[in-house]
Structure formats: structure tokens, C-alpha cells
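The following block contains the structure, expressed as C-alpha cells.
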Protein chains: 2
Amino acid sequence: MLTDEISRRILRHMQAEPDLPMAELAQRAGLAAGTCARRLEKMREAGIYQGVQAIINWAALGYSVEVSLRVTLDKTQSRAFDEFIEEARKIPEVSEIHTFLGRVDVRLAVLARDMAHYQEIYKTRILTLPHIADIEALMQVAAIKMSEDLPL
Amino acid sequence: MLTDEISRRILRHMQAEPDLPMAELAQRAGLAAGTCARRLEKMREAGIYQGVQAIINWAALGYSVEVSLRVTLDKTQSRAFDEFIEEARKIPEVSEIHTFLGRVDVRLAVLARDMAHYQEIYKTRILTLPHIADIEALMQVAAIKMSEDLPL
DNA sequence: GATGAAAAATCTGTGAC
DNA sequence: GTCACAGATTTTTCATC
């Protein structure tokens, strides 16, 4: 029931238009409003639907620089991974942290107002993180697609 | 007014707890409910606040494989970039597309049910995209942090 | 032009069927 | 799963600064 076709349909519409009123969402999924709310609540309890996230245009707020950093850690120390993540989480300008299998261990997304600001964050907050063996940086030009109609 | 301290406060709380009732949000920002709603609406019109996005636990829905692909394009053709993006957008399993300055031109995030499924998507949908010069793949282990308390 | 308070319109979730 | 209603919530109005 939690992952059947009807529930997937709810998630699909939820994904496409997240701030639709419940009644509208229900109609598009072919359900009554109450039923839809009940299913969504079940999915939330099961951790399938994890709520919503605000999308903010950082450039409009003066954060025009976004940099993607790929970090390779010094794996000679067993706690390197956890310690690095723990410290990286504390940096407000780090907006995303993803971990990987392979040569690269972690990817960080960093937000900054301009290049001078980025340089400052990089020197004082990033390079002081523990256990870094190597860093590669890419400057982001644009976010083209972010989860519109994923496979459900 | 659109980017003053009060508006930033609204966004800050919006970001931390996106599905808070308007009355609560207003109280935390030190405003009346109506005032808060009007400011948020203004910010939406100005494109500063771009609404909300549903967060879905893909692993719970059977999509346990997430791969990050870095693509370098064949820049000998001037339309390469646009044509590549246009085709990549059409693939439902591609959940994110970001573009960059530098050696790597595009990063794609790909969702798949398992390794066999990923292999199929990779061969039939990704490698058939136009103007690819080089691809590097990393398998994602976890998304640790996604926009909690960013600098506002 | 922006604000707070309160009324009006709308929406959500619970319970009966 | 649907329907309807009570309670909560958003949105508009209006007087005020």
C-alpha cells in the first residue's frame, strides 16, 4: 500500500507541484482529499515522503558564486571520514555534502557572495578541515534541472 | 525591503522548518501572519523565494542506486552544449543537471533501482547523448547535508 | 508604502458510512 | 475509498502609522 501505484501517483504530483492544495492534489491522483492526506501521512511516517524544502534564489540574495568541491581524504586514519564530515557540517556556507565510493570521497557545495568571499571561506574554513589529501574545485554556472519528473 | 533583515529572517525560518503554519512562521520572524504572508508573496514575485520542493526518499521506493556523472563535451561544435542539455533533460532518471566552468562541463545525477538497471540506463540513455567527449562516474553513498541553515 | 488585528474565505484531517 | 463537517489556517480588508 505504501509504495503502490496510487501512492506513487501522489508523490509524482507532489513532486511536480509541491504547494498544491490537498484537494487539488487528491483530484489529480484520483482520490478524495481525506484519503490523499491519510496516505501522505503514512508515507511521511514510513520515511518515504520527508516533507518539503524551501527553494531560495541565492543569486538574488547576493550569493552569486557557487562552487563544487571534490575532496579526497587521507585514508591512513580510520576516523578521517567521520571527523571530516562532522566539521564540514558546521560550515554554514557549505550547502550540500554528498559522499561517494571511489577515488573521490566527498563532494561539497559552497555558497559565497563573490570571488573574494569565496576565497576567504576556502582559506579559513575549507582548507582547515581535517584529513584532506586533495581538493578539486569547479565553479558552477547554472542549476538546469532539479527533480521535476523523476521516475515514480 | 525585499532583501532586508526582516525578509531574510522569514527565509531563514522558512528554510529551517518549511512546513510551519504561516502564523507560527510570522511569530518567529516577529510579524503578524498577514504581514509575513505578504512579504513572502512579494519575494515569490521577485523570484527570491521559489516555492517548495518535495523531499522523497528514493531508496525507500526501490531506487537504491544514485550515480554522479561528470561529463566533458566535444567543444568543436558550437551547439554541443545546448543540444546535450536539451536531450539530458528528457531522461526521467536524470534527477539533477548542473553546468560548470572548467574541464568538466556538466554534472548529471542519475537514479536507478539497482546496478543492472543503472547499467541499462547508462548504455541506452546516457551514452547515446550527443557530443560527449568523456564521462567520469562516482557512485553516491549518502546525502549528508542538504540546505539546513545556510547563510542568510 | 508597510503594518497589525480581526473578519471572511479557504483548507485540512477526523470520523461516519 | 468517499463524503461531510468541525476546527484550523490562510488571505483579505481596514484603520493606522
Side-chain angles (χ1 to χ4, degrees), chain A residues 1-63 113 146-152, chain B residues 1-58 60-63 146-152:
Chain A
M1 140 81 160
L2 250 51
T3 63
D4 66 5
E5 170 53 24
I6 298 172
S7 288
R8 279 160 190 268
R9 206 152 57 210
I10 295 172
L11 289 178
R12 200 180 306 133
H13 289 290
M14 194 73 199
Q15 191 176 234
E17 295 164 275
D19 40 16
L20 223 50
M22 186 59 77
E24 280 285 325
L25 179 67
Q27 191 180 2
R28 291 180 199 207
L31 295 166
T35 312
C36 188
R38 182 153 249 293
R39 271 186 182 259
L40 201 57
E41 185 51 34
K42 291 255 185 202
M43 287 195 277
R44 190 199 285 270
E45 282 165 16
I48 294 170
Y49 169 61
Q50 306 186 323
V52 294
Q53 182 177 34
I55 306 173
I56 292 165
N57 181 349
W58 293 97
L61 286 167
Y63 281 78
R113 286 189 292 275
M146 293 201 62
S147 322
E148 292 150 8
D149 37 71
L150 302 185
L152 272 170
Chain B
M1 140 83 164
L2 250 54
T3 63
D4 67 5
E5 171 52 26
I6 299 172
S7 287
R8 278 161 192 268
R9 205 151 59 210
I10 295 172
L11 289 178
R12 199 180 307 134
H13 290 290
M14 194 73 200
Q15 191 177 235
E17 296 165 275
D19 40 17
L20 222 52
M22 186 58 77
E24 281 284 325
L25 179 66
Q27 192 181 358
R28 290 180 199 207
L31 294 166
T35 312
C36 186
R38 262 174 312 206
R39 271 183 180 262
L40 200 58
E41 185 52 34
K42 292 254 182 193
M43 288 193 278
R44 190 198 286 270
E45 282 165 15
I48 295 170
Y49 169 62
Q50 306 187 323
V52 293
Q53 182 176 34
I55 307 173
I56 293 166
N57 181 349
W58 292 98
L61 286 166
Y63 282 78
M146 293 200 64
S147 321
E148 292 150 9
D149 37 71
L150 301 185
L152 270 171

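Here is how names work: the chains are called A, B, and so on, in the same order as the sequence lines, proteins then strands, and each is numbered from 1. Everything numeric in this text was worked out from a predicted model, so none of it was measured.
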Closest approach to the side chain of P21(A), judged atom by atom: which nucleotide of dC3(D), dT10(D), dT12(C) is it? dT12(C)
Taking DNA chain C as the partner, which of residues 2-14 of chain B come within under 4.0 angstrom of it by heavy atom? none
R39(A) side chain to M1(A) main-chain N or O, any donor-acceptor pair under 3.5 Å? yes
Approximate separation, where rounding is to 0.5 Å, of L152(B) CG and R9(B) CZ: 12.0 Å
Measure from CD on E41(B) to C1' on dT11(D) and round the result to the nearest Å. 11 Å
Atom CZ of R39(B) and atom P of dG1(C) are separated, to the nearest Å, by 15 Å
Separation of dT10(D) atom C1' from L20(B) atom CG, nearest Å, is 14 Å
Which nucleotide in the list dG1(D), dG13(C), dT11(D) gets nearest to the side chain of M22(B)? dT11(D)
Of all the nucleotides listed (dT2(D), dG4(C), dT9(D)), which has the minimum atom distance to the side chain of L31(B)? dG4(C)
Atom CD in E45(B), atom CD in E41(B): separation rounded to 0.5 Å? 5.0 Å
CG on L11(B) to CD1 on I56(A), rounded to 0.5 Å: 4.5 Å
Interatomic distance, Y49(B) atom OH to L61(A) atom CG [nearest 0.5 angstrom]: 13.0 Å
Nucleotide dG1(D), atom P - distance to CD of Q27(A) in whole Å: 17 Å
Nucleotide dG1(C), atom C1' - distance to NZ of K42(B) in whole Å: 8 Å
When rounded to whole Å, the CG to C1' distance for the pair L40(A) and dT14(C) reads 16 Å
Output the rounded distance in Å from CD (E45(A)) to C1' (dG13(C)). 13 Å
Could you measure the distance from the CD1 atom of I10(B) to the CD atom of Q15(B)? Nearest 0.5 Å is fine. 13.5 Å
Look at atom CD of Q27(B) and say whether more than 12 heavy atoms of other residues, nucleotides or ligands are closer to it than 6.0 Å. no
Which atom of L2(A) lies closest to which atom of S7(A), heavy atoms considered: O-CB, 3.4 Å
So do the side chains of R38(B) and T35(B) get within less than 4.5 Å of each other, counting heavy atoms only? yes
Identify all pairs in which a protein N or O lies below 3.5 Å from an N or O of nucleotides 12-17 of chain D, and state each distance.
none

